[in-house]
Amino acid sequence: MESTNPNLVFDCDRLITIFNNLFSKEYATRLIKGGKEPFYKAAKHQEVDHQLIFREDFFSSALHEVAHWCLAGEGRLLQDDFGYWYESEQRDLEAQRRFFAVEIKPQALEAIFSKACGYPFEVSVDNHNVSRWLNNEVELFAAKVAAQIETFQHEGLPTRAQKFEQALKAHFL
């Protein structure tokens with residue numbers, strides 16, 4: 001769906017305001033731009049907010065990091081980077097398949113968020129060393145993301161994701 005507003009600007013500050021207005025009080029979490037790499041910094045003390053940091057000033061990075069946050073359970077929200085590890089983008093086929101397996105739901109949510117604000121979406125392989133072996137894998141991954149989008153549409157979104165999607169639609173479309 002294209003945006004109904006032809007003058008729409010995809011401003012990260014707008015996303016930050018939407019997210020922080022929705023979630024900063026209840027979840028003590030703030031969306032922050034400017035990171036060299038995306039990172040979720042869990043608060044170490046109750047008086048400090050969690051920080052959901054997205055890359056530089058990239059709209060898609062913000063949507064993607066919010067998607068990960070919306071899927072994280074209570075225990076993961078208390079751990080830096082939700083307790084996950086990051087493997088460099090120079091992955092072999094098996095490592096890339098592991099990456100795809102954990103990225104289906106976050107990228108499906110990112111696609112839903114993108115649609116909710118009229119922003120284009122493409123699946124991300126997060127691997128600049130794409131070789132011939134990856135082409136079929138990317139197509140399979142994209143199909144799994146599309147299937148997960150359908151599942152979310154039929155079964156409903158996680159609570160935080162639904163709230164964020166509705167706010168995006170209200171502010172962007």
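- Under the rule for a side chain to side chain donor-acceptor pair (under 3.5 Å), the partners of Q107 that lie at least two apart in sequence or sit in another chain are E103.
- With a 6.0 Å radius and a threshold of 12 heavy atoms from other residues, nucleotides or ligands, E56 has its CD atom above the threshold.
- Scored by the ring pair (Phe, Tyr, Trp, His ring centres under 6.0 Å) test, F152 finds no partners at all (sequence neighbours excluded).
- Figure legend: cation-pi geometry between R14 and F172, with NZ or CZ positioned under 6.0 Å from the six-membered ring centre and within 45° of its axis.
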Could you go through residues 31-44 and list every donor-acceptor pair under 3.5 Å that involves a side-chain atom there, pairing it with any protein atom two or more places apart or in another chain?
residue : atom : partner : partner atom : Å
K33     : NZ   : D13     : OD1          : 2.9
K33     : NZ   : D13     : OD2          : 3.4
Y40     : OH   : H50     : ND1          : 3.3
Y40     : OH   : L77     : O            : 2.7
K44     : NZ   : D80     : OD1          : 3.4

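- Proximity of C117 to H171: side-chain heavy atoms (C-beta onward) are nowhere separated by under 4.5 Å.
- Taking the side chain as every heavy atom from C-beta outward, S24 and T29 never approach each other to under 4.5 Å.
- Side-chain atoms of I18 and L22, non-hydrogen and from C-beta on, do get closer than 4.5 Å to each other.
- I53 and L109 fall into different hydrophobic clusters, where Ile, Leu, Val, Met, Phe, Trp and Tyr are joined by side-chain heavy atoms under 4.5 Å apart, directly or via other members.
- Evaluation of the salt bridge (Lys or Arg N to Asp or Glu O under 4.0 Å) rule for R30 yields D49 as partners, not counting sequence neighbours.
- Counting all heavy atoms, side chain and backbone alike, V125 lies closest to Q96 at O-NE2, 2.8 Å.
- Taking all atoms of both residues into account, the shortest heavy-atom contact from P106 to A67 is O-CB, 3.3 Å.
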Query raised in the report: Given the rule in the side chain to side chain contact (heavy atoms under 4.5 Å, CB included) test, do F100 and V138 qualify, once you have shown the distances and angles that lead to the verdict?
Result: CA-CA 9 Å; F100 285 151; V138 173; 4.2 Å; yes
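- Taken from CZ in F19 to CZ in F54, the straight-line distance is 10.5 Å, to the nearest 0.5 Å.
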Please list, one pair per line, the donor and acceptor atoms closer than 3.5 Å that link side chains of residues 157-169 to other protein atoms, with sequence neighbours excluded.
residue : atom : partner : partner atom : Å
R160    : NH1  : W69     : O            : 3.2
R160    : NH2  : C70     : O            : 3.3
R160    : NH2  : A72     : O            : 2.5

Identify each donor-acceptor pair in which a side-chain atom of residues 143-150 lies under 3.5 Å from a protein atom, sequence neighbours left out, and give them as a table.
none

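- Here the NE2 atom belonging to H68 is positioned 8.5 Å from the CD atom belonging to E110, to the nearest 0.5 angstrom.
- Taking hydrophobic clusters as Ile, Leu, Val, Met, Phe, Trp and Tyr residues chained together by side-chain heavy-atom distances below 4.5 Å, L52 shares a cluster with Y84.
- The closest donor-acceptor contact from the side chain of Q79 to the backbone of G75 lies under 3.5 Å.
- F99 and D126 make their closest contact through CZ-CB, 3.4 Å (heavy atoms, listed as atom of the first residue, atom of the second, distance).
- Shown here for F58 and C12, the closest heavy-atom pair between the two residues is C-SG, 3.7 Å.
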